[in-house]
Number of protein chains: 2
Amino acid sequence: MRLAELSGRSGVPTATIKYYLREGLLPPGERVTATQAEYGEEHVRRLGLVRALIQVGRVPVATAKEVLHAIEDASLPHDARLGIAVESLPPPRGSAVDPEVLEAAGGRVAELRNALGWDHATTSVGQEMLVTAVATLMQLGYPCSAEHLMPYARLAGELAAHDMDLVEGFETPTTQLEAAVALTVLYEPVLLGLRRMAHAEEATRRYGKGVGTRS
Amino acid sequence: MRLAELSGRSGVPTATIKYYLREGLLPPGERVTATQAEYGEEHVRRLGLVRALIQVGRVPVATAKEVLHAIEDASLPHDARLGIAVESLPPPRGSAVDPEVLEAAGGRVAELRNALGWDHATTSVGQEMLVTAVATLMQLGYPCSAEHLMPYARLAGELAAHDMDLVEGFETPTTQLEAAVALTVLYEPVLLGLRRMAHAEEATRRYGKGVGTRS
DNA sequence: CCGTATTGGATAGCAACACTATCCCGTGAT
DNA sequence: ATCACGGGATAGTGTTGCTATCCAATACGG
């Protein structure tokens, strides 16, 4: 398969594929002559994943590169690759929060983890996300005590177990890693979309039809 | 309060505040002389909300403007304002999915709604998000049948009820609307952060300490 | 009053990001 | 022989969210 065909199969313009190759998001094709390279099925798969990460998951190109490299770094054991891949996932989305509030939020999250018995994993990007979000809520004066967060957290725990079961359903290490990354990222819009739908549903039930209107 | 003080109180640079004023994200201050305006406490609150929407919620400036205008449009009834505000929230984050797959995904979501009995709200941005995400998953060959989605959906339903209860805890219509917007947006990173944390926890339990390592 | 300092408004510039368009040269197929 | 195409390099584009610079009008301290 040449570049043009890869482009046709995946729906991604050749210029963009070249860009991904340049950035190391796609492994180079197998050089068949001095000026041409051959691409295979796994390039198609990989390209799909890349697009999904970038377009749906909003993952920055540089981050996607790290994640994908972690997946295929054969020098690492499976569990480390998984860890690096999923922990590399979100951009550290900086937001200027008062460091004092941030600390308070950190305490609250620690409290929550304690109450839940989540004492295995030490730190994680997820925790940073959470602390920042909680700090922002606190700064705006919205409630997010450990008790408020508990129901969310319990639900998150159920989801996580469900997700991991799904991932374990894949056979080979590589497909498992790919699935872990893809499901981590792609189920985020699923979850958020469902929450929004549920909001709309609940609001309509409570307040009537006026809620569902769009501008 | 003058612009400089508003800037000091909120931690937002004056240039940025001017930008928000220009874009209509903040109502103009009360003109006290020909060249000066007076800002009040509600500008501080509003500015906090704007920053939260933009920086934490990643809401585009133009979208934030719509949302905030809906909140304060006194000519509309409360429920309509709520509807417009939350339905304006997410950017329609276009992602090029095969329209055929998209349709299949739409069918699956309809099936899910049917199974859940979510028949009040008609369409919603949330549903679009969900359909797109499901279509992407399908295109990549990952499982997301209605059955797979059920546990997520049920949890989303619980969350929604919980969220609405929270919002109802606020007294005035305006604070309720603000809370609805803020909680819709700001609990998204909370939820995602918790899910990620739960993943890390569960992965560590299942596979050991290697998972929590960062690159 | 006078001089300096701000304020608010307008305009233009900047940095990051994800592409995208152009050029060029070497092949490869005919 | 030739001529389109593949692939590499380079530079340009459009968007977004600010940021920096100017400017005239006015406050305000003395």
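Residue numbers start from 1 in every chain, and the chains themselves are labelled A, B, ... in the order their sequence lines are given, proteins ahead of strands.
Between B:Arg108 and B:His148, every side-chain heavy-atom pair lies at or beyond the 4.5 Å cut-off.
Using modelled atom types, one finds a donor on one side chain and an acceptor on the other under 3.5 Å when comparing B:Arg113 with B:Gln127. Residues B:Tyr20 and B:Arg51 bring a donor and an acceptor atom of their side chains to less than 3.5 Å of each other.
Minimum atom distance to the side chain of A:Thr16 is reached by C:dT20, of the listed C:dA10, C:dT20, C:dA18. When distances run from any side-chain atom of A:Thr33 to the nucleotides C:dA18, C:dC19, C:dG28, the shortest one goes to C:dG28. When each of C:dA18, D:dG7, D:dT19 is scored by its nearest atom to the side-chain atoms of A:Leu3, the top-ranked nucleotide is D:dG7.
Within 4.0 Å (heavy atoms only), A:Leu21 reaches no atom of the nucleic acid at all. Nucleic acid contact class of B:Ala62 (heavy atoms, under 4.0 Å, all strands): none.
Distances shown here put every side-chain N or O of B:Thr35 at or beyond 4.0 Å from the OP1 or OP2 atom of D:dA24. The shortest distance between the side-chain N/O atoms of B:Arg51 and the OP1/OP2 oxygens of D:dC18 is below 4.0 Å. Regarding contacts with the backbone of C:dC19, a side-chain N or O of A:Tyr20 is found under 4.0 angstrom from either OP1 or OP2.
The nearest whole Å value for the distance from the CD atom in B:Gln36 to the P atom in C:dA5 is 16 Å. If you take OH of A:Tyr19 and P of D:dG7, they are 19 Å apart, rounded to a whole angstrom. In this structure, A:Lys18 places its NZ atom 13 Å from P of C:dT20, rounding to the nearest Å. Across the protein-nucleic acid pair, B:Arg31 atom CZ and C:dT7 atom P stand 13 Å apart, rounded to whole Å. Atom CG in A:Leu25 sits about 10 Å away from atom P in C:dA18, given to the nearest Å. Residue A:Glu30 contributes atom CD, which lies 16 Å from atom C1' of D:dG6 at whole-angstrom precision. Note: CZ (B:Arg58) to P (D:dC18) measures 11 Å, nearest angstrom. Atom-to-atom, CD of B:Glu23 to P of D:dG17 comes out at 9 Å; the value is rounded to the nearest Å.
Contacts with DNA chain C (heavy atom under 4.0 Å) in residues 37-50 of chain B: B:Ala37, B:Tyr39, listed by number.
Within 3.5 Å, a donor on the side chain of A:Arg22 pairs with an acceptor on the base of C:dT20, or the reverse. Side-chain atoms of A:Arg2 and base atoms of C:dT27 include no donor and acceptor less than 3.5 Å apart.
To the nearest 0.5 angstrom, B:Ser145 atom OG is 8.0 Å from B:Glu111 atom CD. Here the straight-line distance linking atom CG of B:Asp79 with atom OH of A:Tyr207 works out to 9.5 Å at 0.5 Å rounding.
Along DNA chain D, the nucleotide nearest to B:Val61 and the one nearest to A:Glu5 differ in position, and the one closer to the 5' end is contacted by A:Glu5. Between A:Val32 and A:Ala15, the residue anchored closer to the 5' end of DNA chain C is A:Ala15, taking for each the nucleotide with the nearest heavy atom.
Side-chain atoms of A:Gln176 come within 3.5 Å of backbone atoms of A:Phe170 as a donor-acceptor pair (strictly under, hydrogens ignored).
Heavy-atom minimum distance, B:Ala105 versus B:Val131: CB-O, 3.5 Å.
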Could you go through residues 177-198 of chain B and list every donor-acceptor pair under 3.5 Å that involves a side-chain atom there, pairing it with any protein atom two or more places apart or in another chain?
from     : atom 1 : to       : atom 2 : distance (Å)
B:Glu178 : OE1    : B:Arg45  : NE     : 3.4
B:Glu178 : OE1    : B:Arg45  : NH2    : 3.3
B:Glu178 : OE2    : B:Arg45  : NH2    : 2.9
B:Thr184 : OG1    : B:Ala180 : O      : 2.6
B:Tyr187 : OH     : A:Pro143 : O      : 2.8
B:Glu188 : OE2    : A:Arg196 : NE     : 3.2
B:Glu188 : OE2    : A:Arg196 : NH2    : 3.1
B:Arg195 : NH1    : A:Asp163 : OD2    : 2.7
B:Arg195 : NH2    : A:Leu183 : O      : 3.4
B:Arg195 : NH2    : A:Thr184 : O      : 2.4
B:Arg196 : NE     : A:Glu188 : OE2    : 3.2
B:Arg196 : NH2    : A:Glu188 : OE2    : 3.2

